[in-house]
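Have a look at the structure below, then the notes.
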Amino acid sequence: MLRTKIREILDRDSAGDDVLVQGWVKTRRSSRNVTFLQINDGSTLKDLQVVADESLSNFADADSLTTGCSVSISGQLVDSPGKGQRFEIHAKSLEVMGLADPDTYPLQKKRHTVEFLREIAHLRPRTNTFGAMARVRNTLAFAIHRFFQERGFLFLQAPMITASDAEGAGAMFRVTTLDLDQLPIKNGAADSAEDFFGEPTFLTVSGQLEAEIFALALSDVYTFGPTFRAENSNTSRHLAEFWMVEPEVAFCELDGLTELAEDFLKYIFTYVLDHCPEDLAFFNQWYDESVISTLEGIASSSFERMTYTEAVDILQRSGEKFEFPVHWGTDLQSEHERYLTEKHIGRPVIVTDYPKEIKAFYMRLSDDGKTVRAMDVLVPRIGEIIGGSQREERKDILLERMRESGLDEQNYWWYLDLRSYGTVPHAGFGLGFERTVQFATGMPNIRDVSPFPRTPKSAGF
RNA sequence: UCCCGAGUAGCUCAGCGGUAGAGCGGGCGGCUGUUAACCGCUAGGUCGCAGGUUCGAAUCCUGCCUCGGGAGCCA
């Protein structure tokens with residue numbers, strides 16, 4: 001008999017057939033002559049109830065199963081007389097595939113803290129929380145590809161190793177094959193000529209510059225892959241390794257980009273609402289009772305738009321006591337962003353046109369000479385979920401901005417070439433994938449929406 | 001990196017100067033259909049590590065480690 005996934009069994013219209021299920025025991029409840037097993041195989045949040053009685057030749061085995069044991073069970077699917085489930089299986093045969101010694105198996109049939117589960121990250125996928133997280137994460141990743149593919153965007157794989165050491169997005173991890181215990185020294189420093197690539201190389205912090213290269217040939221592209229930041233950030237919103245989605249669109253200005261960002265977020269959140277209702281209900285019940293209503297709100301309402309100048313004005317007149325005072329020219333702090341999106345508007349907010357001094361060199365300078373065509377999408381609880389801009393496509397102005405930022409134009413000769421030959425207006429943004437999963441699930445800590453989170457002093461799994 | 005807070009049984013925590021506790025989980029027994037089942041019995045701890053104060057330290061002090069919350073950096 002072929003194995004049937006529990007999700008497929010529970011979706012059936014009627015009982016009656018014999019089925020084979022394979023999975024892990026969540027709990028066992030025993031009376032003298034009958035044992036109830038709850039089996040989960042990860043295909044859905046729900047467990048399948050298996051009823052074993054003395055008609056089973058190895059009933060004693062069934063009666064001794066504990067949480068975490070793996071089993072293969074065949075039997076008839078029947079309507080359940082008990083409350084709590086529609087169907088159950090009356091076991092005709094039961095094979096114990098792997099035991100899980102209850103003296104040492106760390107998962108119990110009760111709630112564990114996420115902090116404890118991080119210490120046993122190899123077993124936490126077996127919990128309801130991490131199973132649901134993995135399914136939501138998978139669905140969001142699929143929705144992201146669908147959104148862009150439906151719009152004719154080309155999926156571009158940006159390199160993970162780069163020789164550009166100043167992409168302006170934070171500290172980078174060095175990539176080297178040099179023997180750190182016996183470094184070749186030249187002029188008092190490590191001799192990179194001896195290194196694998198013959199020059200210093202790093203893990204990428206962004207695929208944006210490479211995406212621009214292809215956008216200026218293929219029009220609409222997106223990257224979706226891992227990026228790395230060696231910042232010593234210890235917060236619930238930062239990882240040293242995280243996935244980023246970076247669309248780059250040619251013949252597009254800032255207004256078109258904000259529309260794309262809004263359509264994009266609405267699409268992926270609508271998609272996850274439609275395809276993961278049970279998992280979202282789980283998060284709504286146990287982690288954040290406003291998750292579903294927030295996602296529904298985003299899907300159905302338009303995002304607020306305001307300029308940085310307007311945002312500063314709102315903050316200054318809010319009467320709120322901020323730890324950091326607000327004035328034009330400084331970047332918005334977390335508390336300011338959250339005030340805007342959570343209290344003042346109550347919905348996602350797109351803030352545009354920031355002072356050029358606080359933004360990257362490649363963002364397009366506006367006619368006022370003071371602001372750049374940048375945008376941040378702010379959402380409740382997370383703050384900044386998307387950051388993007390229209391890119392500076394005018395070579396002379398780009399050169400001037402690079403000099404102001406203290407960058408060596410020699411290192412960006414190819415980036416400048418794109419402006420020398422057939423330059424066009426273009427724009428793009430970056431979306432932190434884990435922050436998106438965090439937002440969609442209500443999980444408070446980003447370490448719990450990554451299968452294997454990397455943070456300072458932690459790469460154990 | 002900075003500011004707070006916490007580390008006591010497998011897990012979640014109480015105890016906060018007088019010599020170690022509970023619930024859950026585990027083991028054993030009971031129970032004819034349970035829903036994180038229920039009932040009874042039971043085992044289980046260098047109280048994060050290292051110093052110090054004290055007649056006496058889980059409890060007070062110092063340092064370190066780990067974890068968490070907030071901030072900065074950002075996605």
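Below, chain A is the first sequence line, B the second, and so on; all start at residue 1.
Side chains of N40(A) and K46(A): a donor-acceptor N/O pair is absent below 3.5 angstrom, by distance only.
The separation between H238(A) atom NE2 and rG72(B) atom P is 9 Å, rounded to whole Å. Whole-Å rounding puts the H112(A) NE2 to rA36(B) C1' distance at 11 Å. We find that CD of Q208(A) is positioned 14 Å from P of rC74(B), with the value rounded to whole Å. Distance R111(A) CZ to rC11(B) P: 17 Å, rounded to the nearest Å. Atom C1' of nucleotide rU35(B) and atom NZ of K46(A) are separated by 14 Å, given to the nearest angstrom.
For D41(A), the salt bridge (charged side-chain N to carboxylate O under 4.0 Å, His left out) partners at least two apart in sequence or on another chain are R3(A). Y287(A) is linked by a side-chain contact (heavy atoms from CB on, under 4.5 Å) to V114(A), T129(A), F282(A), F283(A), M443(A), P444(A), counting only residues two or more places apart in sequence or in another chain. Residues passing the side-chain contact (heavy atoms from CB on, under 4.5 Å) test with N445(A), sequence neighbours excluded: R118(A), S236(A), R447(A), D448(A). Considering only residues two or more places apart in sequence or on other chains, H426(A) meets the ring pair (Phe, Tyr, Trp, His ring centres under 6.0 Å) condition with none of them. Legend: residues meeting side-chain hydrogen bond (donor to acceptor under 3.5 Å, both in side chains) with D408(A), ordered by chain and number and at least two apart, are absent.
Minimum atom distance to the side chain of S334(A) is reached by rG72(B), of the listed rU32(B), rG72(B), rG10(B). The side chain of S80(A) has rG33(B) as its nearest neighbour among rG23(B), rG33(B), rA71(B). Comparing rC73(B), rG33(B), rA71(B) against the side chain of V51(A) picks out rG33(B) as the nearest. For V34(A), counting side-chain heavy atoms from C-beta on, the closest listed nucleotide (rC73(B), rG33(B), rU34(B)) is rG33(B). Listed nucleotides: rA37(B), rU34(B), rG27(B). Nearest to the side chain of Q49(A): rU34(B). Minimum atom distance to the side chain of Q108(A) is reached by rC11(B), of the listed rU35(B), rC11(B), rG72(B). Distance from the side chain of Q333(A) is smallest to rA71(B) among rA71(B), rU32(B), rG26(B). The listed nucleotides are rC24(B), rA36(B), rG33(B); the one nearest the side chain of F36(A) is rG33(B).
The distance between the ring centers of Y362(A) and Y415(A) does not fall below 6.0 angstrom. In this structure, the ring of H145(A) has its center less than 6.0 angstrom from the ring center of Y222(A).
A heavy atom closer than 4.0 Å to some atom of RNA chain B occurs in no member of residues 55-79 of chain A. Listed by residue number, the members of residues 86-99 of chain A with any heavy atom below 4.0 angstrom from RNA chain B are E88(A), H90(A). For the segment residues 126-150 of chain A, no residue has any heavy atom less than 4.0 angstrom from an atom of RNA chain B. Of all the residues in residues 430-442 of chain A, G430(A), R435(A) reach under 4.0 Å from RNA chain B with at least one non-hydrogen atom.
To the nearest whole angstrom, the two P atoms, one in rA6(B) and one in rU42(B), are 36 Å apart. For rU8(B) and rA14(B), the P atoms lie 10 Å apart once the distance is rounded to whole Å. Between rU46(B) and rA20(B), the two C1' atoms lie 13 Å apart (nearest whole Å). Spacing between rC49(B) and rC38(B) at atom P, rounded to whole Å, works out to 35 Å. Nucleotides rC13(B) and rC74(B), compared at atom P, are 35 Å apart to the nearest Å. Taking atom P on both rC24(B) and rG17(B), the two are 29 Å apart, rounded to the nearest angstrom. As rounded to the nearest Å, rG18(B) and rC61(B) have P atoms that lie 16 Å from one another. Rounded to whole Å, the C1' atom of rA43(B) lies 23 Å from the corresponding atom of rA58(B).
Proximity of R29(A) to the phosphate of rU34(B): no side-chain N or O atom is located under 4.0 Å from OP1 or OP2. Between rU32(B) and S31(A), no contact under 4.0 Å exists linking OP1 or OP2 to a side-chain N or O. At rA75(B), none of the side-chain N or O atoms of T227(A) fall inside 4.0 Å of OP1 or OP2 (strictly under the cut-off). For the OP1/OP2 pair of rU12(B) and a distance below 4.0 Å, the side-chain nitrogens and oxygens of T113(A) include at least one atom meeting the criterion.
Pair assignment for rA36(B): none, as no Watson-Crick or G-U wobble contacts are both less than 3.5 Å. Under the Watson-Crick or G-U wobble criterion, with both distances below 3.5 Å, rC60(B) is paired with rG52(B). Base-pair partner of rA6(B): rU66(B) (Watson-Crick or G-U wobble, both distances under 3.5 Å). With a cut-off of 3.5 Å on both pairing distances, rA43(B) has no Watson-Crick or G-U wobble partner at all. Under the Watson-Crick or G-U wobble criterion, with both distances below 3.5 Å, rG25(B) has no partner in any strand shown.
At the heavy-atom level, K26(A) lies nowhere under 4.0 Å from the strands shown. Looking at heavy-atom distances under 4.0 Å, L107(A) makes no contact with the nucleic acid at all.
Ion pair E320(A)/K343(A) flagged as a salt bridge, since at least one NZ, NE, NH1 or NH2 atom sits closer than 4.0 Å to an Asp/Glu carboxylate oxygen.
Note: F461(A) and H122(A) have parallel aromatic rings, judged against thresholds of 30 and 60 degrees for the angle between ring planes.
A donor-acceptor contact under 3.5 Å is formed by the side chain of S233(A) with the base of rC73(B).
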- For F224(A) and F148(A), what are the C-alpha separation, side-chain angles and deciding distance, and is it a ring pair (Phe, Tyr, Trp, His ring centres under 6.0 Å)? CA-CA 11 Å; F224(A) 184 15; F148(A) 288 119; 8.9 Å; no

- Run the salt bridge (Lys or Arg N to Asp or Glu O under 4.0 Å) check on K356(A) and E404(A) step by step: do they pass? CA-CA 11 Å; K356(A) 64 174 182 177; E404(A) 282 174 10; 3.8 Å; yes

For nucleotides 65-70 of chain B, print each protein N/O atom paired with a nucleotide N/O atom at under 3.5 Å, atom names and distance only.
| from | atom 1 | to | atom 2 | distance (Å) |
| --- | --- | --- | --- | --- |
| rG68(B) | OP1 | R118(A) | NH1 | 2.4 |
| rG69(B) | OP1 | N445(A) | ND2 | 3.1 |
| rG69(B) | OP2 | N445(A) | ND2 | 3.3 |
| rG70(B) | OP2 | S236(A) | OG | 3.4 |

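Residues in residues 99-108 of chain A take part in these side chain to side chain donor-acceptor pair (under 3.5 Å) pairs, two or more places apart or across chains: Y105(A)-R126(A).
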Which donor-acceptor pairs under 3.5 Å do side chains of residues 73-81 of chain A form with protein atoms, sequence neighbours excluded?
| from | atom 1 | to | atom 2 | distance (Å) |
| --- | --- | --- | --- | --- |
| S74(A) | OG | S93(A) | OG | 2.7 |
| Q76(A) | NE2 | G16(A) | O | 2.9 |
| S80(A) | OG | G82(A) | N | 3.2 |
| S80(A) | OG | Q85(A) | NE2 | 3.0 |
| S80(A) | OG | E88(A) | OE1 | 2.9 |

